[in-house]
Amino acid sequence: MRAQAAEGKQGFRANAAITDEETAPTETNEERALTTVDRYYLAWMKHQKQRGTEPTDKQLSAYLAEKGVKGRGGKPISPSTLRRYLLSFRTYNVWAEHRIREETPSADAVAQDCATRGITAQYNNPLTATDITKQAHDFERRWKTLDRQRDNAQS
């Protein structure tokens, strides 16, 4: 999928660590632990907060390397690896804004909100409710994991 950059200011903000050195999860439960993709997401968000713009795949790769997050052989994470997650990160942010207001965000409402913001799938096709529904479980897992990370950071 080719991701399109979102226009305007992003609403949802996460405040959790990118690396284990910053803060380690207190639970070993898989549902509560940050995944590698969650860490990429956090770096993506922190880059935006620090530099004021959404990073490209190449910029995110360099940013992660600056933070000590590297791939196999100690090399920076490949931009092509990161590229596959950018659309999901944008979509998650929209979903998270809805999640703040309601326990189970409407896939139709999230898809419509994505369309309004110019967040589209490959070939500029609009995201559908089905696209959102396919990601809802992982979005909810990330939501709870990041919420737990925020709680740990505040303790």
Side-chain angles (χ1 to χ4, degrees), residues 1-23 25 30-100 105 107-150:
M1 292 178 120
R2 190 177 82 104
Q4 297 293 318
E7 296 290 327
K9 191 171 178 92
Q10 300 295 322
F12 178 73
R13 296 288 179 235
N15 183 22
I18 295 171
T19 63
D20 283 332
E21 291 79 38
E22 291 181 56
T23 180
E30 252 180 57
E31 289 291 309
R32 298 288 183 191
L34 287 172
T35 66
T36 299
V37 177
D38 291 338
R39 293 178 197 287
Y40 296 163
Y41 169 77
L42 290 171
W44 182 78
M45 290 296 295
K46 286 185 180 186
H47 181 283
Q48 288 181 73
K49 186 175 183 179
Q50 292 173 356
R51 300 185 183 171
T53 62
E54 183 179 299
T56 65
D57 51 1
K58 291 176 185 169
Q59 290 170 328
L60 183 56
S61 175
Y63 185 77
L64 283 163
E66 286 173 23
K67 298 295 183 185
V69 180
K70 297 185 179 176
R72 292 189 178 118
K75 295 181 181 179
I77 307 292
S78 165
S80 63
T81 296
L82 297 170
R83 188 176 312 126
R84 73 181 76 165
Y85 302 116
L86 299 180
L87 175 59
S88 174
F89 294 168
R90 290 183 196 105
T91 307
Y92 173 76
N93 277 358
V94 174
W95 180 92
E97 289 176 13
H98 286 254
R99 179 64 173 81
I100 289 168
D108 285 321
V110 173
Q112 180 59 45
D113 203 0
C114 285
T116 300
R117 297 175 191 208
I119 301 171
T120 60
Q122 189 172 22
Y123 307 118
N124 216 22
N125 289 322
L127 291 169
T128 66
T130 302
D131 296 327
I132 305 304
T133 300
K134 287 178 183 176
Q135 298 181 78
H137 177 76
D138 190 52
F139 286 175
E140 183 66 23
R141 182 210 51 78
R142 180 174 293 143
W143 173 267
K144 289 178 179 176
T145 299
L146 295 180
D147 189 49
R148 180 71 176 151
Q149 294 293 317
R150 282 188 296 274

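Since we're looking at a predicted model, the values are computed, not measured.
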Student: Report the residues that fulfil salt bridge (Lys or Arg N to Asp or Glu O under 4.0 Å) with D108, sequence neighbours left out, ordered by chain and then residue number.
Tutor: none
Student: For T53, give me all partners under side-chain contact (heavy atoms from CB on, under 4.5 Å), at least two apart in sequence or on another chain.
Tutor: H47
Student: Begin with the C-alpha distance, continue with both residues' side-chain angles, and end with the deciding distance and a verdict on side-chain contact (heavy atoms from CB on, under 4.5 Å) for R117 and V94.
Tutor: CA-CA 9 Å; R117 297 175 191 208; V94 174; 3.7 Å; yes
Student: Quick one: side-chain contact (heavy atoms from CB on, under 4.5 Å) partners of P126, sequence neighbours excluded?
Tutor: none
Student: Strictly distance-based, threshold 3.5 Å: is any side-chain N or O of T145 a donor or acceptor partner for the main-chain N or O of R141?
Tutor: yes
Student: Looking only at heavy atoms, what is the nearest atom pair of S61 and P76, with distance?
Tutor: OG-CB, 3.6 Å
Student: Are T130 and T133 side-chain neighbours, meaning at least one heavy-atom pair lies under 4.5 Å?
Tutor: no
Student: Check ring pair (Phe, Tyr, Trp, His ring centres under 6.0 Å) between H98 and all other residues, then give those that pass, not counting sequence neighbours.
Tutor: none
Student: Would you check if there is a donor-acceptor pair between the side chains of S88 and Q135 at a distance under 3.5 Å?
Tutor: yes
Student: Is a side-chain N or O of D113 found less than 3.5 angstrom from the main chain of V110, in a donor-acceptor match?
Tutor: no
Student: Is any side-chain heavy atom of D138 closer than 4.5 Å to one of V37?
Tutor: no
Student: Whether the side chain of Q59 engages the backbone of T56 through a donor-acceptor N/O pair (distance < 3.5 Å, no angle test) should be reported.
Tutor: yes
Student: Return the CD1 to CG distance between I77 and D57, rounded to the nearest 0.5 Å.
Tutor: 12.5 Å
Student: What distance do C114 atom SG and N93 atom CG have between them, rounded to the nearest 0.5 Å?
Tutor: 9.5 Å
Student: Kindly indicate whether the side chain of W44, heavy atoms from C-beta on, has any atom under 4.5 Å from the side chain of K49.
Tutor: no
Student: Can you check whether Y92 and Y41 have ring centres sitting under 6.0 Å from each other?
Tutor: yes
Student: Does R51 come within less than 4.0 Å of E66, counting only side-chain N to carboxylate O?
Tutor: yes
Student: How far does CG of L64 sit from CG of L82, to the nearest 0.5 angstrom?
Tutor: 6.0 Å
Student: Considering residues at least two apart in sequence or located in another chain, which fulfil the side-chain contact (heavy atoms from CB on, under 4.5 Å) criterion with E140?
Tutor: W95, R99, W143, K144
Student: Quick one, T35 and Y40 - any side-chain contact, counting heavy atoms below 4.5 Å?
Tutor: no
Student: Would you check if L127 and T120 make a side-chain contact, meaning some heavy-atom pair closer than 4.5 Å?
Tutor: no
Student: Would a 4.5 Å heavy-atom cut-off, applied to side chains only, mark L60 and L86 as touching?
Tutor: yes
Student: Between F89 and M45, is any pair of side-chain heavy atoms under 4.5 Å apart?
Tutor: no
Student: Given the rule in the side-chain contact (heavy atoms from CB on, under 4.5 Å) test, do K67 and K46 qualify, once you have shown the distances and angles that lead to the verdict?
Tutor: CA-CA 11 Å; K67 298 295 183 185; K46 286 185 180 186; 5.9 Å; no
Student: Going by the rule side-chain contact (heavy atoms from CB on, under 4.5 Å), which residues pair with S78 if we only count those two or more places apart in sequence or in a different chain?
Tutor: S80, T81
